[in-house]
Amino acid sequence: MYIPIPDLKQAQNVLVVSPHPDDAEIAAGGTIALLAEKGAKITYAMVTDGAKGGLEPGFSEAQVAAIRRAEQEQAGKVLGVADIIWLGFQDTEVPKPETVREPLISLIREVQPDFVISLDPWLPYEAHPDHRRASMAAVEACLFAGLPMIQPEDMEHGLVPWQVTGIALALSLKPNTFIGIDATWEKKLEAIKCHRSQFPGPTWDMFYPLILAKSREYGSNANARVGEAFKVLTTTHLHVMVDTWEA
Ligand SMILES: [Zn+2]
C-alpha cells in the first residue's frame, strides 16, 4: 500500500457520524473518551433520534425520541463530547447517501474536523439500512467536502471547502488501527449504560460478554487489556484504489 495511514491518536478535532443514539458509544466510546481527555474537540452528528428503538410497547415515537435524546446527551457528557448535532432523519428510514451526505458536507465545512469517525459501510452482513446508508453518507461527505464545486451555496454562507486528514471506520471487517482503551474502559461502559432504554438488565447481561470478548480481542492487538478497532483511511484511499481492502 502506497498511501500512509494517518494516526487516529493524533486527532485534535473529531466529527463522529452515528446512525442512532448509542452506536458511537458502542463502536468507539473508549477512543472518543481518550481523544477528549487529550484535549481533542469532539462533535457528534446524530443521523436519527432513534424514535423506533423503543423496546417496550405503549410508547409513542415522540416519547421514545425524547428519552433517547436525553440518554445520548448524558452519554456524550460522560465521554467529553462538546456538541451533538441532530440531523433529524427518520429512524429505520434513513434515505439514500446522496441525501444524507448534503448536511454532512456542510457540517464538515463548518466543524473542520481533522478526523471523521463513523462505522464501516462495507461490513458485509450489516442488515440495518440506517447503518449502511448513514456510514456511506459519512464517507461520501468526506470525499466531497473539499471540492468547491460541490454545494457551492455553502460558500455563499461563509463556509470553505474542507479536506479531512483521516476517516476512521469502526465495526470494520478489515481494521488497520487498534487503540488500547484500558484508561477509558469504565467511561465507555458508563456511556453505553446511559442508553437505559436500549440496555435494560437482561439485554445488558447478554450484550456485555459480547462487547467484553471483542474488546479483549482488539486490546490484544494494541498491547492493552481492552481496545477498539478501526479501518483508518484517507480520502485518497476511497476512490479508484484497488489496494484499499488490504490497507
Ligand atoms: Zn444503530
Side-chain angles (χ1 to χ4, degrees), residues 14-33 42-56 59 61-76 78-79 81 84-97 99-101 103-104 107 116-142 167-173 175 188-200 202-204 206-212 214-215 218 228-231:
V14 181
L15 178 65
V16 180
V17 180
S18 181
H20 310 107
D22 79 11
D23 291 319
E25 283 72 43
I26 293 166
T31 302
I32 290 165
I42 313 287
T43 306
Y44 273 16
M46 200 56 59
V47 175
T48 75
D49 57 15
K52 294 205 175 84
L55 296 177
E56 292 175 29
F59 285 92
E61 284 190 24
Q63 284 172 317
V64 174
I67 290 167
R68 299 201 66 186
R69 277 179 182 246
E71 290 172 345
Q72 184 60 70
E73 299 284 349
Q74 195 185 355
V78 170
L79 298 182
V81 175
I84 302 177
I85 313 292
W86 297 87
L87 296 188
F89 290 102
Q90 292 300 306
D91 190 8
T92 73
E93 294 171 33
V94 169
K96 56 190 195 273
T99 303
V100 182
R101 77 182 182 222
L104 288 174
L107 194 58
V116 167
I117 294 178
S118 193
L119 309 179
D120 191 329
W122 294 280
L123 182 63
Y125 291 94
E126 178 54 69
H128 202 308
D130 291 354
H131 279 232
R132 299 197 308 267
R133 292 176 187 156
S135 56
M136 188 62 86
V139 171
E140 291 184 10
C142 290
I167 306 164
L169 303 172
L171 307 185
S172 177
L173 195 62
K188 172 173 176 148
L189 294 182
E190 190 187 338
I192 295 174
K193 286 195 267 188
C194 288
H195 299 279
R196 281 176 295 279
S197 67
Q198 305 305 296
F199 299 101
T203 309
W204 179 250
M206 185 197 73
F207 182 72
Y208 177 69
L210 298 176
I211 189 172
L212 179 62
K214 206 65 197 166
S215 303
Y218 290 151
E228 288 171 344
F230 301 87
K231 176 91 163 181

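Both ligands and their constituent atoms are indexed starting at 1 by order of listing.
The backbone N or O of Ser197 sits less than 3.5 Å from a side-chain atom of Glu71, completing a donor-acceptor pair.
Around the Zn ion (ligand 1), protein N, O or S atoms at less than 2.8 Å number 4.
When the ring pair (Phe, Tyr, Trp, His ring centres under 6.0 Å) test is applied to Trp86, no partner is found at least two apart in sequence or on another chain.
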For the pair Glu25 and Lys188, evaluate side chain to side chain contact (heavy atoms under 4.5 Å, CB included) and give the outcome as yes or no after the intermediate values. CA-CA 6 Å; Glu25 283 72 43; Lys188 172 173 176 148; 5.9 Å; no

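Counting only heavy atoms from C-beta outward, the side chains of Val17 and Leu104 approach each other to under 4.5 Å.
Atom-to-atom distance recorded for Asp130:CG and Ser135:OG is 10.0 Å, nearest 0.5 angstrom.
Between Trp204 and Phe199, the ring planes lie perpendicular to each other; the angle is over 60°, past the 30° to 60° tilted range.
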